[in-house]
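Before anything else, here's the structure in question.
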Amino acid sequence: MKITKIERAKKNKEKVNVFVDGGYSFSTYDQLLLKFDIFAGKEVNCNWIESVKKETQIFDSKKYIYRILSKKRYTENQIREKLFFRKVDKETIERLLNELKENGLIDDSKFIKDYLDYLKSQQKYSKKEIESKLYLKFKKGLDNIFLKEYLEDYDEKNVLENLIRREKRLDEKLVQKYYRKGFNFEDVQEIFNRVKKGG
């Protein structure tokens, strides 16, 4: 088997199409031409072609990950799911995730703390709501003991009072609204009655 032609890909100018024995064989990136010493006339075999294809998939997945991480933060699990949907094999996914962790580009524990700080700073959520948002976002890797300790100093009652005082209409629907948001029913009732009386 011999590489008979290399031509620039029409859709992606960073890639080239490689032809073996006169027929299209695979596409790869410019950067990998040097790594694999790809040139017209080179003798190749099936194993060599498969290794170039594999390395191209890894290179492509890295480009994708860096692009999405430059726009927003993702959890390890979210990146795993995104790569899985792009049909990247499990071995490659784990290899890429380990590389990202080693380079500090994904760190779920730091992400959880930062996200918790953000939710606490909003001063509009109950502890249950914060927990629910965290479980939705992180699914795995959430330590319940850490979460409870982190929310220990969160003054939920004060948050609730400030929210109720900002309401324009004080009617019974408010009690249900804040109870559904995860605030303690007795606290909601007590603060609602006090604020309604002008206290």
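Along the sequence shown, residues are numbered consecutively beginning with 1. The basis for the numbers below is simple: all heavy atoms, side chains too, and nothing from hydrogens, waters or symmetry mates.
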Could you tell me whether the side chain of Leu147 reaches within less than 4.5 Å of the side chain of Leu151, counting heavy atoms only? yes
Do Tyr115 and Val159 land in one hydrophobic cluster if side-chain heavy atoms of ILVMFWY residues count as linked below 4.5 Å? yes
Min side-chain heavy-atom separation Phe19-Glu7 under 4.5 Å: yes
Strictly by ring-ring contact (aromatic ring centres under 6.0 Å, His included), give each pair with a member in residues 61-90 just once, sequence neighbours left out. none
Between Glu81 (side chain) and Gln78 (backbone), is there a donor-acceptor pair under 3.5 Å? no
For Lys177, which residues count as a salt bridge (charged side-chain N to carboxylate O under 4.0 Å, His left out) partner, sequence neighbours excluded? Glu167
Is it true that atom CD of Gln122 has more than 12 heavy atoms of other residues, nucleotides or ligands lying nearer than 6.0 Å? yes
Taking the side chain as C-beta and beyond, is there a heavy-atom pair between Ser25 and Met1 under 4.5 Å? no
If a pair satisfies salt bridge (charged side-chain N to carboxylate O under 4.0 Å, His left out) and one of its residues is in residues 115-125, list it, with sequence neighbours excluded. Lys120-Asp153
Distance (rounded to the nearest 0.5 Å) between Leu160 CG and Asn184 CG: 9.0 Å
Do Asp89 and Lys54 have side chains that get closer than 4.5 Å, going by heavy atoms? yes
Counting only N and O atoms by type, is there a donor-acceptor contact under 3.5 Å from the side chain of Thr92 to the main-chain atoms of Ile58? no
Quick check: closest heavy atoms across Leu96 and Ser61, and the distance to 0.1 Å? CD1-CB, 3.5 Å
Looking at side-chain heavy atoms only, is the closest gap between Leu83 and Ile65 below 4.5 Å? yes
Within a strict 4.5 Å, meaning less than it, do heavy atoms of the Arg86 and Lys82 side chains meet? no
Find the distance between OG (Ser132) and CG (Leu136) and round it off to the nearest 0.5 Å. 5.0 Å
Contacts satisfying ring-ring contact (aromatic ring centres under 6.0 Å, His included) that involve residues 92-111 (not counting sequence neighbours) are Phe111-Phe138
Sequence neighbours left out, what passes salt bridge (charged side-chain N to carboxylate O under 4.0 Å, His left out) with Lys133? Give chain and number order. none
Distance-only check: which donor-acceptor pairs under 3.5 Å involve side-chain atoms of residues 27-39, not counting sequence neighbours?
| unit_1 | atom_1 | unit_2 | atom_2 | d |
| --- | --- | --- | --- | --- |
| Ser27 | OG | Asn17 | OD1 | 2.6 |
| Ser27 | OG | Tyr24 | OH | 2.7 |
| Thr28 | OG1 | Thr56 | OG1 | 2.7 |
| Tyr29 | OH | Asp60 | OD1 | 2.4 |
| Asp30 | OD1 | Arg8 | NH1 | 2.9 |
| Asp30 | OD1 | Arg8 | NH2 | 3.4 |
| Asp30 | OD2 | Arg8 | NH1 | 3.1 |
| Lys35 | NZ | Glu55 | OE2 | 3.3 |

Nearest 0.5 Å, please: how far is CG in Asn98 from CD1 in Ile93? 12.0 Å
For Tyr179, check ring-ring contact (aromatic ring centres under 6.0 Å, His included) against everything at least two apart and list the hits. Phe185
Is any side-chain heavy atom of Gln57 closer than 4.5 Å to one of Lys87? no
State, yes or no, whether a side-chain contact exists between Ile79 and Leu97 at a heavy-atom distance under 4.5 Å. yes
Suppose we screen for side chain to side chain contact (heavy atoms under 4.5 Å, CB included). Which residues come up paired with Glu172, at least two apart in sequence or across chains? Val175, Gln189, Phe192
Are the charged groups of Glu161 and Arg165 less than 4.0 angstrom apart, N to O? yes
What heavy-atom pair brings Glu76 and Asp108 nearest, and what distance separates the two atoms? N-OD1, 3.0 Å
Spacing of Ile191 atom CD1 and Lys196 atom NZ [to the nearest 0.5 Å]: 15.5 Å
Check the pair Lys63 / Glu14 against side chain to side chain contact (heavy atoms under 4.5 Å, CB included), numbers first and verdict last. CA-CA 12 Å; Lys63 279 175 69 71; Glu14 292 178 25; 2.7 Å; yes
SB check Lys173 Asp171 (cutoff 4.0 Å): no
Residues in salt bridge (charged side-chain N to carboxylate O under 4.0 Å, His left out) with Lys113, at least two apart? none
Least distance between heavy atoms, Ser109 atom then Asp107 atom: OG-OD1, 2.9 Å
Could you give me the CA-CA distance, side-chain angles and deciding distance for Val52 and Val18, then say whether side chain to side chain contact (heavy atoms under 4.5 Å, CB included) is met? CA-CA 11 Å; Val52 176; Val18 179; over 6 Å; no
Please list, chain by chain and in numerical order, all residues satisfying salt bridge (charged side-chain N to carboxylate O under 4.0 Å, His left out) with Glu156, sequence neighbours excluded. none
Non-neighbouring partners of Arg166 that pass side chain to side chain contact (heavy atoms under 4.5 Å, CB included), sequence neighbours left out: Asn162, Leu163
Stepwise side chain to side chain contact (heavy atoms under 4.5 Å, CB included) test for Leu174 and Val188: CA-CA 9 Å; Leu174 270 185; Val188 178; over 6 Å; no
Spell out, as yes or no, whether a donor-acceptor pair under 3.5 Å connects the side chain of Asp187 to the backbone of Lys157. no
Are the side chain of Lys5 and the backbone N or O of Gly22 linked by a donor-acceptor pair below 3.5 Å? no
Are there over 12 heavy-atom neighbours, none belonging to Lys62, within less than 6.0 Å of that residue's NZ? no
Any cation-pi pair here, Lys53 with Phe26, using under 6.0 Å and within 45°? no
Under 3.5 Å, is there a donor-acceptor pair between the side chain of Asn103 and the main chain of Leu105? no
Sequence-distant partners of Asn47, side chain to side chain contact (heavy atoms under 4.5 Å, CB included), two or more places apart: Asn45
Check the pair Glu94 / Lys90 against salt bridge (Lys or Arg N to Asp or Glu O under 4.0 Å), numbers first and verdict last. CA-CA 6 Å; Glu94 293 312 312; Lys90 284 182 180 178; over 6 Å; no
